[in-house]
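I have placed the structure first, in the form of structure tokens, so that the comments after it can refer back to it.
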Amino acid sequence: RKEVEQDPGPFNVPEGATVAFNCTYSNSASQSFFWYRQDCRKEPKLLMSVYSSGNEDGRFTAQLNRASQYISLLIRDSKLSDSATYLCAVPTWGGATNKLIFGTGTLLAVQP
Amino acid sequence: NAGVMQNPRHLVRRRGQEARLRCSPMKGHSHVYWYRQLPEEGLKFMVYLQKENIIDESGMPKERFSAEFPKEGPSILRIQQVVRGDSAAYFCASSPAPGLETVFGQGTRLTVV
């Protein structure tokens with residue numbers, strides 16, 4: 001099993017739709033999680049951090065399910081500008097390591 | 001706050017040449033990371049450094065790749081004798097402490113011809 005897995009998509013949704021992505025992780029000891037957004041040929045930009053059960057920021061909601069080891073990202077009222085790849089990242093740190101393990105990303109295309 | 005600065009943004013090298021990629025972390029960040037993104041693939045961790053120390057290089061290819069973060073100046077990712085398979089986007093990132101939010105630079109796109 002991969003350390004971090006995402007459905008690659010693409011998710012094609014109309015403007016105004018609600019869309020959700022899931023990300024599963026294998027390390028049950030993970031305590032924090034991040035969602036990044038990456039536009040084509042650009043750097044990843046931090047969208048949301050999840051340190052406990054979830055986080056909400058405007059149209060975006062991230063939720064954590066520790067029992068099933070997945071996090072989800074919900075986008076409400078999708079905008080054309082939401083079209084991007086959404087990357088799930090799980091940090092591994094402690095001792096001699098400190099790094100983010102990324103999923104391969106989920107491509108979202110919002111259609112007019 | 002200028003964020004994480006990488007240069008050059010684009011680098012073209014012929015096979016067998018050396019590539020040097022530079023990264024200045026965000027102000028106040030002492031933890032630096034290098035990631036590689038191959039075409040159509042996800043971001044892969046390469047190396048984690050603090051000033052003058054390589055902490056974790058488990059993601060670095062065993063040969064031709066090296067990284068440093070000197071006491072003064074930017075972090076450098078060096079690729080010797082480049083091959084076509086090295087063509088990728090190389091992202092530098094920094095964080096203020098382990099486990100906290102990591103900020104990425106704009107990346108260096110290396111093309112080996």
Side-chain angles (χ1 to χ4, degrees), chain A residues 1-10 21 23-27 29-52 55 57 60 62 64 71 84-107, chain B residues 2-7 9-10 21 23 25-26 29-51 53-60 67 69 87-111:
Chain A
R1 182 183 178 185
K2 287 185 179 178
E3 291 181 90
V4 180
E5 286 196 84
Q6 294 183 253
D7 182 343
F21 314 130
C23 167
T24 59
Y25 60 94
S26 61
N27 184 358
S30 298
Q31 295 294 313
S32 58
F33 308 87
F34 302 102
W35 281 103
Y36 282 82
R37 170 195 168 127
Q38 186 175 28
D39 292 285
C40 187
R41 300 185 69 77
K42 301 282 189 180
E43 76 275 22
K45 292 187 177 177
L46 183 64
L47 181 64
M48 297 189 79
S49 306
V50 186
Y51 294 106
S52 57
N55 192 7
D57 183 5
F60 298 82
L64 168 63
I71 58 172
T85 296
Y86 290 83
L87 301 169
C88 169
V90 180
T92 299
W93 78 86
T97 191
N98 176 21
K99 59 190 176 189
L100 289 171
I101 308 298
F102 282 89
T104 51
T106 297
L107 179 62
Chain B
V4 179
M5 304 301 293
Q6 288 188 249
N7 68 82
R9 295 284 307 281
H10 300 275
L21 288 61
C23 168
M26 200 163 172
H29 288 192
S30 59
H31 301 256
V32 168
Y33 318 84
W34 286 93
Y35 288 81
R36 177 166 68 174
Q37 190 170 36
L38 293 165
E40 307 304 323
E41 291 191 19
L43 282 156
K44 301 293 185 188
F45 167 81
M46 298 181 76
V47 62
Y48 160 43
L49 311 102
Q50 295 182 34
K51 281 288 187 183
N53 286 303
I54 297 173
I55 309 299
D56 179 0
E57 56 182 345
S58 58
M60 290 278 270
F69 188 16
S87 296
Y90 291 83
F91 291 99
C92 175
S94 69
S95 69
L100 295 185
E101 292 154 5
T102 303
V103 179
F104 283 79
Q106 293 180 301
T108 294
R109 297 196 177 274
L110 172 66
T111 301

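Residue numbers begin at 1 in each chain, while the letters A, B, ... track the order of the sequences. Quick note: numbers below take in every heavy atom, side chains included, and nothing from hydrogens, waters or symmetry partners.
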key: Residue selection (most heavy-atom pairs with chain B, distance under 4.5 Å) from Q31(A), K45(A), K42(A), R41(A)   = R41(A)
task = Please flag which part of I101(A) lies under 4.5 Å from any non-hydrogen atom of chain B: side chain, backbone, both or neither.
result = neither
Rounded distance [0.5 Å steps], CZ in F91(B) versus CD in Q38(A) = 5.0 Å
key: Heavy-atom side-chain proximity of P44(A) to Q37(B) below 4.5 angstrom   = no
ask   = Within a radius of less than 6.0 Å around CD of E3(A), do more than 12 heavy atoms belonging to other residues, nucleotides or ligands occur?
value = no
message = Quick one about Q6(B) and E43(A) (side-chain donor to acceptor, distance below 3.5 Å, no hydrogens or angles considered), yes or no?
response = no
message = Is Q106(B) close to chain A through its backbone or its side chain, or both, or neither, when contacts mean heavy atoms under 4.5 Å?
response = both
query = Picking from F45(B), Y48(B), Y35(B), what satisfies side-chain contact (heavy atoms from CB on, under 4.5 Å) with L100(A)?
reply = Y35(B)
key: Distance in Å, L43(B) CG paired with Y36(A) OH, rounded so as to fall on 0.5 Å steps   = 9.5 Å
